[in-house]
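Counting starts at 1 for both ligands and their atoms, in listed order.
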Amino acid sequence: MLRETIRSLAEAKIAPHAAAVDEEARFPREALDALVASDLHAVHVPEEYGGAGADALATVIVIEEVARVCASSSLIPAVNKLGSLPVILSGSEDLKKKYLGPLAKGDAMFSYALSEPDAGSDAAGMKTKAVRDGDFWVLNGVKRWITNAGESEYYTVMAVTDPEKRSKGISAFVVEKSDEGVSFGAPEKKLGIKGSPTREVYLDNVRIPADRMIGEEGTGFATAMKTLDHTRITIAAQALGIAQGALDYAKGYVQERKQFGKPIGDFQGIQFMLADMAMKLEAARQLTYSAAAKSERLDGDLTFFGAAAKCFASDVAMEVTTDAVQLLGGYGYTRDYPVERMMRDAKITQIYEGTNQVQRIVMARNLP
Ligand SMILES: Cc1cc2nc3c(=O)[nH]c(=O)nc-3n(C[C@H](O)[C@H](O)[C@H](O)COP(=O)(O)OP(=O)(O)OC[C@H]3O[C@@H](n4cnc5c(N)ncnc54)[C@H](O)[C@@H]3O)c2cc1C
């Protein structure tokens with residue numbers, strides 16, 4: 001039922017704008033409005049904080065169905081989970097009440113600010129600092145590649161509070177867009193997910209009350225990594241959706257397009273490609289759903305499964321979308337058809353929330 005609901009909403013209200021959102025590299029406002037109107041913009045927020053209380057699998061299905069028509073728009077529910085999960089996992093009751101309510105209502109979005117210009121895969125090498133000043137913390141630094149920066153009201157920011165201790169000297173904070181000293185860089189000009197703004201966040205003497213710290217001092221990096229164990233599954237969901245959108249489009253196209261006097265779908269060479277695409281996609285889906293169940297149960301092998309689902313599903317999405325372009329021939333290579341956009345959008349799923357090389361490092365360290 002959930003899938004049917006979100007699919008019909010996505011096809012009616014989000015799909016019609018997907019090409020223009022990509023072409024104009026503009027934020028998918030129509031998608032945000034439609035998702036908020038149906039209470040699907042941050043489904044993971046627990047009911048006690050005013051949310052829909054969707055479990056990890058239901059959240060995956062929402063993201064998957066939005067990504068099937070528009071990958072940029074799927075970053076609304078995905079990044080709302082990424083940004084707020086540190087608060088849900090480690091925040092005080094007061095922080096949860098203060099920040100999850102507006103998120104659930106659709107009054108505010110939540111971003112996640114871990115990466116920096118010189119700290120990507122090696123996120124613990126960050127330089128952003130937070131220095132205690134009485135009942136306040138003062139933050140200074142630059143966060144880079146922050147999804148939905150400028151659009152979000154709230155930011156989970158990881159910053160160094162004790163430079164001697166490396167990852168154990170990093171703490172997490174909630175920073176608000178309206179805090180004095182917060183500003184944003186120009187939107188990055190990207191290959192894909194062009195509708196999702198990616199910007200730098202500048203923190204210039206941002207003075208915030210001490211109770212904005214998420215969890216204890218020095219636990220920020222652990223919270224950030226625990227968050228990714230859960231949210232890499234949402235990137236797998238995004239990859240599945242993008243790949244499904246491309247497969248569905250190609251499946252229809254091969255029945256219409258005629259060469260040598262018959263639909264190209266009658267050729268076995270084409271049928272075998274579609275069979276492989278569907279087989280790989282279904283394998284990725286099963287791994288992702290199984291990881292989502294582990295996320296919900298907080299199973300001990302979640303770290304492996306979160307990394308495996310993200311890595312496998314994103315590699316499959318890249319293959320399937322590239323094959324979809326191939327199945328449309330020259331037409332697939334043009335912006336008159338949606339599959340080249342899907343191929344460009346798929347690429348990011350192999351890069352963010354840890355590159356697929358980093359996922360392999362994580363898997364190797366956590367073999368089941
Ligand atoms: C569109 C977009 C949105 C993003 N959104 C966010 C966001 O909302 N919040 C956030 O905090 N970050 C975000 N990121 C950042 C993203 O997570 C990083 O780009 C990613 O982790 C890689 O870091 P890097 O770009 O610095 O690459 P690098 O770390 O410089 O990596 C370069 C290459 O070296 C490889 N590499 C590095 N170390 C190793 C190793 N030990 N072994 C093998 N290979 C290695 C990498 O896999 C990669 O291929 C986003 C990035 C993009 C592009």
Please round to the nearest 0.5 Å and tell me the distance separating atom CZ of Phe136 and atom CZ of Arg207.
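Separation between the atoms: 5.0 Å.
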His17 (side chain) donor-acceptor with Arg29 (main chain) under 3.5 angstrom:
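Not at all, since once roles are kept as given, no pair shorter than 3.5 Å links the two residues.
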Regarding Asp118 and Lys143, does a basic nitrogen lie under 4.0 Å from an acidic carboxylate oxygen?
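Salt bridge absent between Asp118 and Lys143.
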I'd like a table of donor-acceptor pairs (distance under 3.5 Å, sequence neighbours excluded) in which one partner is a side-chain atom from residues 174-189, with atom names and distances.
| from | atom 1 | to | atom 2 | distance (Å) |
| --- | --- | --- | --- | --- |
| Glu176 | OE2 | Tyr99 | OH | 2.5 |
| Lys177 | NZ | Gly150 | O | 2.6 |
| Asp179 | OD1 | Arg212 | NH2 | 3.1 |
| Asp179 | OD2 | Glu176 | N | 2.7 |
| Asp179 | OD2 | Arg212 | NH1 | 2.9 |

Nearest non-hydrogen contact with [atom] belongs to which option: [options]?
| atom | options | value |
| --- | --- | --- |
| atom 26 (O) of ligand 1 | Pro117, Ala149, Gly120, Gly125 | Gly120 |
| atom 52 (C) of ligand 1 | Leu191, Ile348, Ile351 | Ile348 |
| atom 12 (N) of ligand 1 | Ala123, Ser121, Ser115 | Ser115 |

Taking the side chain as everything from C-beta on, heavy atoms only, tell me whether Leu302 gets closer than 4.5 Å to His230.
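Yes, their side chains come closer than 4.5 Å.
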Please could you name the atoms of ligand 1 that Thr147 approaches to less than 4.0 Å, counting only its heavy atoms?
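Once the distances to Thr147 are compared, the set is 3 (C), 4 (C), 5 (N), 6 (C), 7 (C), 8 (O).
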Ligand-residue contact atoms, ligand 1 with Glu353, heavy atoms, under 4.0 Å:
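The list of qualifying atoms is 17 (O).
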When you measure from the centre of the six-membered ring of Tyr49, is the NZ or CZ of Lys96 under 6.0 Å away and within 45° of the axis?
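Not satisfied by the 6.0 Å and 45° rule.
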Starting from atom 41 (N) of ligand 1, locate the nearest protein heavy atom and write down its residue, its atom name and how far away it is, to 0.1 Å.
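Answer for atom 41 (N) of ligand 1: Ile361 CD1, 3.6 Å.
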Give me the residue, atom name and distance of the protein heavy atom closest to atom 9 (N) of ligand 1.
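Answer for atom 9 (N) of ligand 1: Tyr112 O, 2.8 Å.
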Test item: protein heavy atom less than 4.0 Å from atom 46 (C) of ligand 1
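Yes; the ligand atom in question has protein heavy-atom contact below 4.0 Å.
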